[in-house]
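Please read the structure below before turning to the comments.
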Amino acid sequence: MIDFHTHTPSWRTTSWLGGVAFGVDDFVAFMDGAGIEQAVVLSHDGLFDPSPTTNDDLAAFVGEHPDRLLGFGTVHPRLDGAAAEVERMMGPLGLRGLKLHPWLQGFSMHEAGLDPVCEVLAGAGGILLSHDGTPPYSTATQIAALARRHPTLQVVLGHGGLHDTWREALAAVVETENLYLCICGTPPYAARAILAAAPPHKVLFGTDAGLSDRTSQDYAVARVQEIDGWGITPAQRHAMLVDNPRALLAGPR
Ligand SMILES: [Zn+2]
């Protein structure tokens, strides 16, 4: 299984999100226990401090187990050099994509500064994963508008709309060819509705492992176990956990 939404430990930031400084080997041991072969890893500290330093920290973390951990760095579109930093992330740092958190990082997906960032990312074959589900910033329709402006970029809704906007997330994924959806923190009744109606190749799964206030990732293990309660078919399960993330990470069709 590929977990499309996990986080690094928090090394520099204490926040209401929790976050502790667990080691990479502890994290891989959690993955082994939960049956997760590969994980997309997003920065924790970068949510609050989208700087080259947090991308360096992320690259060093995933670089310990490059066959298991795939890093997505972050930038703030209003900072000088954001597009150049994406180039550095996708080149020397060996990262695989970009994570944006418009709600915590404080910007709109309609800002012009995102266009050069997305152009560089698309040119490097990277994936954009955005936090979603917490208006006013980070709604699926805002993210879908950015995806439509950059049709060669593969864009992922990181949370499937959460509790408040999953219906909008589902509609946006149905309507927007290069938009995908990760069920992560999405409530089970919404996960069932999404699986019933979304294009089958567009559904991914994530645990948000790493955001815990403890070194153990118990709640992420519980999220993996919860999948069985969604009424999911074996074909849907295999697509969501293996085929879809693998195809997305392999690059644009
Ligand atoms: Zn997250």
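Just so we're clear, the structure is a prediction, and the values are computed from it rather than from any experiment. One-based numbering along the sequence shown. As the structure lists them, so they are numbered: ligands from 1, and atoms in each ligand from 1.
The nearest N, O or S atom of H5 is closer to the Zn ion (ligand 1) than 2.8 Å. Metal site remark for the Zn ion (ligand 1): H131 contributes no N, O or S atom at a distance under 2.8 Å.
Judged by distance alone, the side chain of H65 and the main-chain N or O of R68 form no donor-acceptor pair under 3.5 Å.
Checked against a 6.0 Å centroid threshold, the rings of W11 and F22 do not count as neighbours.
The N, O or S atom of D208 lying closest to the Zn ion (ligand 1) is OD1.
T6 is not listed as a side-chain neighbour of M31, based on a closest heavy-atom distance of 4.5 Å or more.
What you find for R223 and T207 is that their closest heavy atoms are NH1-O, 2.7 Å.
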